[in-house]
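Following: one structure in structure tokens, then a few remarks.
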Amino acid sequence: MNPDEFVTYISGIEAPAAVANPYSGFREGCDAFDGASAARSSQLWHYLNHRLDTARILLIAEAPGYQGARFSGIAMTCERTLLGHRVNVTAQDVLGEGIQAARTSDALACRFAAQRIRGFAEPTAAIVWGELMRRGISREVVLWNAFPFHPHRPDNPLSNRKPTEQELADHRQVLERFRELFPAVQQVVAVGDVARDFLAGQNVAAEHVRHPANGGAVLFRETINQIFDQHF
């Protein structure tokens with residue numbers, strides 16, 4: 001498995017109801033242009049390729065959120081990070097030198113002026129990337145999710161919900177393929193309880209840290225840095 005094969009593979013999976021595959025299709029009122037999914041696939045490819053020979057730790061969270069990977073294509077990463085609107089991280093840190101990121105969300109779908117101007121911002125992305133950049137290990141850590149696609153409420157594509165156990169089980173092979181990209185990874189870390197339980201069910205040995213969302217930022221930073229200290 002290589003990044004080309006993986007991106008082709010994940011782009012070809014049909015998402016179930018109330019789930020968006022960021023890497024295929026087009027949804028009017030959400031995606032900014034017809035080629036939005038192809039742009040996200042390209043960004044994922046560059047992200048993976050930039051870490052093939054350097055990643056030593058794999059962080060696995062729950063699922064893409066509408067403020068994050070739904071429109072960036074990269075787990076725990078938001079458009080605002082990719083578009084250079086964070087003080088501590090650039091698109092080059094995420095994608096590699098000379099790669100220009102694209103905004104793929106429809107600005108007209110955004111509720112707030114800051115979102116319309118600079119793209120969606122995800123608190124989890126800001127916290128995770130803040131720690132990676134502070135430690136100088138953005139290429140030594142690779143990010144992914146237990147469920148690869150964006151689960152949302154049936155009546156609201158710009159919302160988040162927890163993936164069901166059936167959805168996780170039906171797509172478990174995606175993580176297996178993803179891990180084939182990074183055979184040199186020394187440590188898998190479950191970010192949150194959903195990822196912890198999913199990995200345990202797949203017999204994947206993993207450390208567990210608090211998800212940074214919903215008041216978990218302080219504990220996340222404390223525990224993830226304890227793990228980083230053991231490896232760097």
Side-chain angles (χ1 to χ4, degrees), residues 6 10 20 22-23 40-41 43-48 50-51 54-86 88-96 101 104-105 119-152 160-163 168 174-175 178-179 181-182 185 187-196 198-199 206-225 227-228:
F6 181 78
I10 199 170
Y23 314 103
R40 291 189 288 266
S41 294
Q43 288 171 176
L44 175 62
W45 184 92
H46 285 293
Y47 173 80
L48 298 174
H50 194 43
R51 286 157 181 80
T54 57
R56 294 162 57 187
I57 293 180
L58 167 59
L59 299 191
I60 300 176
E62 180 178 307
Y66 80 93
Q67 296 179 100
R70 167 61 177 89
F71 293 110
S72 73
I74 301 165
M76 292 177 266
T77 305
C78 61
E79 289 185 303
R80 208 164 296 185
T81 300
L82 284 180
L83 297 173
H85 299 305
R86 300 285 191 196
N88 59 343
V89 58
T90 69
Q92 286 67 43
D93 293 316
V94 183
L95 304 176
T104 69
S105 66
F120 281 112
E122 184 182 66
T124 292
I127 295 164
V128 171
W129 277 96
E131 291 307 299
L132 297 181
M133 297 306 297
R134 186 180 66 82
R135 299 285 301 237
I137 54 172
S138 64
R139 294 188 66 205
E140 285 70 34
V141 177
V142 64
L143 309 174
W144 194 242
N145 286 300
F147 187 62
F149 306 137
H150 170 228
H152 57 81
N160 296 325
R161 65 171 175 83
K162 185 180 295 186
L168 287 162
V174 176
L175 178 60
F178 185 90
R179 293 184 68 201
L181 295 168
F182 300 97
V185 159
Q187 179 71 66
V188 178
V189 180
V191 181
D193 294 347
V194 170
R196 177 199 60 196
F198 175 75
L199 292 172
E207 294 283 346
H208 173 242
V209 299
R210 171 71 157 83
H211 197 288
N214 301 316
V218 172
L219 188 54
F220 168 80
R221 290 189 178 102
E222 177 183 330
T223 53
I224 198 64
N225 278 290
I227 293 172
F228 289 161

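Worth saying up front: this structure is predicted, and the values here are computed from it rather than measured.
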Is any side-chain heavy atom of [X] closer than 4.5 Å to a side-chain heavy atom of [Y]?
{"X": "Arg51", "Y": "Phe182", "value": "yes"}
{"X": "Val185", "Y": "Arg179", "value": "no"}
{"X": "Ile74", "Y": "Leu82", "value": "yes"}
{"X": "Ile60", "Y": "Phe198", "value": "no"}
{"X": "Ile224", "Y": "Leu59", "value": "yes"}
{"X": "Val89", "Y": "Ser138", "value": "no"}
{"X": "Phe147", "Y": "Val174", "value": "no"}
{"X": "Asp93", "Y": "Asn88", "value": "no"}

Name every donor-acceptor pair, under 3.5 Å, that has one atom in a side chain of residues 207-218 and the other anywhere in the protein, sequence neighbours excluded.
{"residue": "His208", "atom": "NE2", "partner": "Asp193", "partner atom": "OD1", "Å": "3.1"}
{"residue": "Arg210", "atom": "NH1", "partner": "Ala213", "partner atom": "O", "Å": "3.1"}
{"residue": "Arg210", "atom": "NH2", "partner": "Asn214", "partner atom": "O", "Å": "3.2"}
{"residue": "His211", "atom": "ND1", "partner": "Ala213", "partner atom": "N", "Å": "3.1"}

Taking the side chain from [X] and the backbone from [Y], do they hold a donor-acceptor pair closer than 3.5 Å?
{"X": "Arg161", "Y": "His152", "answer": "yes"}
{"X": "Glu79", "Y": "Thr104", "answer": "yes"}
{"X": "Arg80", "Y": "Gly119", "answer": "yes"}

Output the distance between atom [atom1] ([X]) and atom [atom2] ([Y]), rounded to the nearest 0.5 Å.
{"X": "Ile127", "Y": "Leu132", "atom1": "CD1", "atom2": "CG", "value": "12.0 Å"}
{"X": "Leu44", "Y": "Phe6", "atom1": "CG", "atom2": "CZ", "value": "6.5 Å"}
{"X": "Gln92", "Y": "His46", "atom1": "CD", "atom2": "NE2", "value": "11.5 Å"}
{"X": "Phe228", "Y": "Gln187", "atom1": "CZ", "atom2": "CD", "value": "10.5 Å"}
{"X": "Arg86", "Y": "Thr81", "atom1": "CZ", "atom2": "OG1", "value": "4.5 Å"}
{"X": "His50", "Y": "Arg139", "atom1": "NE2", "atom2": "CZ", "value": "4.5 Å"}

**OP:** Could you check whether the rings of His150 and Tyr66 sit parallel, tilted or perpendicular, using 30° and 60° as the cut-offs?
**Re:** tilted
- For Phe220 and Thr124, what are the C-alpha separation, side-chain angles and deciding distance, and is it a side chain to side chain contact (heavy atoms under 4.5 Å, CB included)? CA-CA 10 Å; Phe220 168 80; Thr124 292; over 6 Å; no
Looking only at heavy atoms, the pair that brings Glu62 and Pro163 closest together is OE2-CD, 3.4 Å
Using the rule given for side-chain hydrogen bond (donor to acceptor under 3.5 Å, both in side chains), can you reason through Arg70 versus Asn160, listing the C-alpha separation, both sets of side-chain angles and the distance that settles it, and then say yes or no?
CA-CA 10 Å; Arg70 167 61 177 89; Asn160 296 325; over 6 Å; no
Go through the steps for Trp129 and Thr77 under the test side-chain hydrogen bond (donor to acceptor under 3.5 Å, both in side chains), then give the verdict. CA-CA 8 Å; Trp129 277 96; Thr77 305; 2.9 Å; yes
* To do: Determine, step by step, whether Ile10 and Phe178 satisfy the side chain to side chain contact (heavy atoms under 4.5 Å, CB included) criterion, reporting the C-alpha distance in whole Å, the side-chain angles of both residues, the deciding distance to 0.1 Å, and the verdict.
  => CA-CA 10 Å; Ile10 199 170; Phe178 185 90; over 6 Å; no
* Side-chain ion pair, Arg221 and Glu131, N-O less than 4.0 Å -> yes
